[in-house]
Structure formats: C-alpha cells, structure tokens
Amino acid sequence: MTTGQTSLRDRYRRQRILLTGASGLLGQAVLEKLLRALPDVDQVLLLMRARGRTSAQNRIPEILGSPLFRRLRHERPRACCTCRDRFPY
C-alpha cells in the first residue's frame with residue numbers, strides 16, 4: 001500500500017454498511033466476506049423482504065445457518081449471533 005491509501009479494514013472501521021440482496025447467492029457471499037474480513041464494521045444492515053409466509057426477520061437465521069457461513073461461525077461465532085431486529089415491519 002502506498003502512502004495516503006487506507007486498507008478496506010481501516011476504511012470501514014466503525015462504519016455502517018447497507019446490503020441489499022443478501023438472500024441471493026451473490027449477496028450471501030458478500031455478507032459472509034464482510035462479516036469475516038471486516039470485523040471492526042459497526043453494523044451491517046440488511047434490506048430484505050418476506051418470502052411467502054416467512055418474514056424477513058426469520059429469513060436471517062436461515063441465511064446465517066447455511067453452509068456458506070460455516071467458516072465464519074467457526075472463526076467468529078459472535079458475528080452470526082448479534083442480529084438485532086430493529087424494524088419489525
């Protein structure tokens with residue numbers, strides 16, 4: 001890294017990130033990478049819709065419990081269990 005450039009980890013330290021599409025394959029991969037590679041991010045906000053009779057809030061544990069997040073659950077267990085339901089619409 002040259003002088004004046006900051007790493008992604010430094011750039012997003014104590015920041016909030018809004019992620020849409022986190023229920024899709026690419027969105028899940030991005031979410032997993034964010035949670036694993038950027039541990040100092042303050043919040044990752046997910047914009048999700050309900051699917052059928054499953055509310056958006058109930059879809060998040062399904063996503064975080066998928067095999068894609070196995071490494072994250074092993075390396076940073078708290079990263080997958082700190083979901084808070086702020087806007088229960």
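From a predicted model like this one, the values you see are computed outputs, not experimental measurements.
When all heavy atoms are compared, the tightest approach of S55 to A50 is CA-CB, 4.0 Å. R14 approaches D42 most closely through the heavy-atom pair C-CB, 3.8 Å. Of all the heavy atoms in L45 and R16, the pair that sits closest is CD1-CD, 4.4 Å.
Listed by chain and number, the residues in a side chain to side chain contact (heavy atoms under 4.5 Å, CB included) with R53 amount to none (sequence neighbours excluded). For R36, the salt bridge (charged side-chain N to carboxylate O under 4.0 Å, His left out) partners are E32, not counting sequence neighbours. Applying the side chain to side chain contact (heavy atoms under 4.5 Å, CB included) rule to T20 yields the partners L47; only residues at least two apart in sequence or on another chain are considered. The side chain to side chain contact (heavy atoms under 4.5 Å, CB included) check on R9 picks up S7, R13, L38, P39, D40, with sequence neighbours excluded.
Heavy-atom contacts from other residues, nucleotides or ligands closer than 6.0 Å to CG of L25 number 12 or fewer.
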Residue pair L46, L31: steps toward the side-chain contact (heavy atoms from CB on, under 4.5 Å) verdict | CA-CA 9 Å; L46 304 177; L31 176 61; 3.9 Å; yes
Can you give each donor-acceptor pair under 3.5 Å made by side-chain atoms of residues 59-71, sequence neighbours left out, with the distance rounded to 0.1 Å?
{"residue": "R59", "atom": "NH1", "partner": "R49", "partner atom": "O", "Å": "2.7"}
{"residue": "R59", "atom": "NH2", "partner": "S23", "partner atom": "OG", "Å": "3.2"}
{"residue": "E62", "atom": "OE1", "partner": "R51", "partner atom": "NH2", "Å": "3.3"}
{"residue": "S66", "atom": "OG", "partner": "I63", "partner atom": "O", "Å": "2.9"}
{"residue": "R71", "atom": "NE", "partner": "E75", "partner atom": "OE2", "Å": "2.7"}

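By the 4.5 Å heavy-atom criterion applied to side chains, V30 and L19 are counted as neighbours.
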